[in-house]
Amino acid sequence: MGKYFRNSMKKNIIIGFAAILMLASCNKDEKILNTLNDYNNSMEEKGYHFGDKLALPKEVTDNAESISISFGDKETSSLTVDPKFFTLGDNAVTFNIKTKGGETLNQDATINVFAKNPEKNISYEIVSEYPHDPKNFVQGFQIEGNTIYESDGQNGASQILKYTLGTTTPLASTKQAQEDFSEGSTIVDDKVYQLTWQSKKGYVYDKNSLKLLSEFAYPNVLGEGWGLTYDGKNLIASDGSKLLYFLDPKNPSKLVKYIAVAGSKQAYDQLNELEFHNGFIYANVWQKPTILKIDPATGEVVGTFDFTELTKKNTKGSDDVLNGITFKGDNMLVTGKNWSKIYEVAVK
């Protein structure tokens, strides 16, 4: 056998062996990623709680030199669900694995974090009914004394108005421009603050006359204006996501902080009209007959109201939904978009 043929054969055997090794390594990497994907999918519905450790499969940990999780601009190599990195609800993350074979593997995943304690079903009874103007597309709703302050939506029909509970005749009102679609509103001392849906700005009015005093731009993180309330220190706004944003009332363009909202088995988004009462945030879920009671310190949903029966009586289409929460003493007042009634509810 010639020298050239021997060398060539040796080279081919080495190349062939390297190809087998490479194939084995590729198969191993694929197996790691498939196992990780199966694990993450199996955990998505079950979710985690703060303090839980991610128990990644042995197939992943045995073959990894290091594992980290990145959240856009943040990264952690701890596999504990830490509120420094995770928020309640869904978290879009990327797993970064350096294998013992020197490869770097990346995989996107969704990690759901839920509240530790189940939400309580809060029972109630209807104790009174009041008239409501069915022309009004309610977006913001609050009472002070016996006066209702209401923000109504729809382009060309948007307004802020006030009236005495039990009547539908406005005591004062101010219309918005054609391009504005008004949203949530709240009272802060002698002023009323009002959001707009997509105009990226809010308005401030004199509480007595509802005369426009000023306007403000949203902080960049607030995509749209949905609900608005006041906790005695900060404005709290929603934008249809799972987040609630705390804004400085002296400068509402400034974000103070935000929280994410979730229950013990699900994340909640589409948070719409908001009300702060006795240390909790109440939020209705848009197009659902549900009002949430939320702990503002954590974003955990501690209770839910089911208003299915009321909604059935008043909702005929897709727009005339439950939307309007305020408190008259310890009783809750609820109404909806284009509803002809306001209901007073005693919370049990």
Side-chain angles (χ1 to χ4, degrees), residues 36-55 69-74 76 78-95 107-122 183-184 221-229 231 236-247 255 257-276 280-308 311 321-323 325:
L36 180 62
N37 189 50
D38 290 346
Y39 169 76
N40 283 327
N41 286 345
S42 75
M43 287 301 294
E44 215 170 301
E45 200 173 321
K46 188 180 172 206
Y48 296 90
H49 303 114
F50 287 128
D52 286 355
K53 202 148 176 58
L54 272 68
I69 300 172
S70 54
F71 307 71
D73 55 345
K74 295 185 293 186
T76 176
S78 164
L79 295 179
T80 301
V81 180
D82 184 336
K84 280 208 299 255
F85 296 98
F86 292 85
T87 63
L88 279 175
D90 56 326
N91 294 264
V93 303
T94 304
F95 282 87
Q107 187 173 85
D108 294 338
T110 299
I111 291 180
N112 284 320
V113 183
F114 298 135
K116 278 190 174 160
N117 300 311
E119 305 88 303
K120 288 191 174 75
N121 289 321
I122 303 170
E183 284 279 348
V221 291
L222 201 64
E224 295 179 343
W226 283 45
L228 190 67
T229 190
D231 66 1
I236 304 168
S238 62
D239 65 352
S241 70
K242 67 170 185 175
L243 301 176
L244 294 174
Y245 305 88
F246 291 67
L247 313 176
L255 178 72
K257 64 172 184 173
Y258 65 85
I259 57 170
V261 175
S264 59
K265 290 196 167 78
Q266 62 174 309
Y268 289 98
D269 59 4
Q270 307 281 293
L271 305 170
N272 206 354
E273 216 270 322
L274 304 176
E275 184 69 23
F276 186 87
F280 290 93
I281 300 165
Y282 292 79
N284 79 268
V285 181
W286 184 54
Q287 289 194 321
K288 294 215 167 114
T290 307
I291 289 176
L292 311 176
K293 182 181 181 182
I294 302 161
D295 181 340
T298 60
E300 294 190 359
V301 177
V302 296
T304 59
F305 293 82
D306 180 353
F307 283 108
T308 302
T311 306
V321 292
L322 175 75
N323 201 72
I325 313 162

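These numbers come from a predicted model, not from an experiment.
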Measure from the side-chain N and O atoms of [X] to the backbone N and O of [Y], and report whether any donor-acceptor pair falls under 3.5 Å.
X	Y	value
Glu300	Asn117	no
Tyr39	Ala55	yes
Glu273	Asn323	no
Asn112	Glu44	yes
Asn91	Ile111	yes
Thr229	Phe276	yes

Less than 4.5 Å apart, side chain to side chain, heavy atoms only: is that true for [X] and [Y]?
X	Y	value
Ile69	Phe85	no
Leu292	Thr290	yes
Leu274	Trp226	no
Thr87	Lys242	yes
Asn40	Gln107	yes
Phe246	Ile259	yes
Leu244	Ile281	yes

How long is the gap from [atom1] on [X] to [atom2] on [Y], to the nearest 0.5 Å?
X	Y	atom1	atom2	value
Lys288	Thr311	NZ	OG1	12.5 Å
Asp82	Asp52	CG	CG	12.0 Å
Asp38	Met43	CG	CE	13.5 Å
Lys46	Phe114	NZ	CZ	11.5 Å
Phe305	Leu322	CZ	CG	11.5 Å
Phe95	Leu79	CZ	CG	7.0 Å

Tyr258 atom OH: more than 12 heavy-atom contacts under 6.0 Å: no
### Query
Got more than 12 heavy atoms from elsewhere within 6.0 Å of NZ, Lys84?
no
To check you understand the geometry: which heavy-atom pair defines the closest contact between [X] and [Y], and what is its length?
X	Y	value
Leu243	Leu271	O-CD1, 4.5 Å
Ser264	Glu119	OG-OE1, 2.8 Å
Val302	Phe280	CG2-CE2, 3.9 Å
Ala262	Ala267	CB-CA, 3.9 Å
Ile325	Asn284	CD1-N, 3.6 Å

- Message: Assess the residue pair Thr304 and Ile122 against the criterion (side-chain contact (heavy atoms from CB on, under 4.5 Å)); give the C-alpha distance rounded to whole Å, side-chain angles, the decisive distance to 0.1 Å, and a yes or no.
- Response: CA-CA 6 Å; Thr304 59; Ile122 303 170; over 6 Å; no
message: Between Asn272 and Gln287, does the side-chain contact (heavy atoms from CB on, under 4.5 Å) criterion hold? Intermediate values first, please.
response: CA-CA 9 Å; Asn272 206 354; Gln287 289 194 321; over 6 Å; no
Sorted by chain and residue number, the ring pair (Phe, Tyr, Trp, His ring centres under 6.0 Å) partners of Phe86 (sequence neighbours excluded) come out as Phe71
side-chain hydrogen bond (donor to acceptor under 3.5 Å, both in side chains) evaluation trace for Asp239 with Ser241:
CA-CA 6 Å; Asp239 65 352; Ser241 70; 2.6 Å; yes
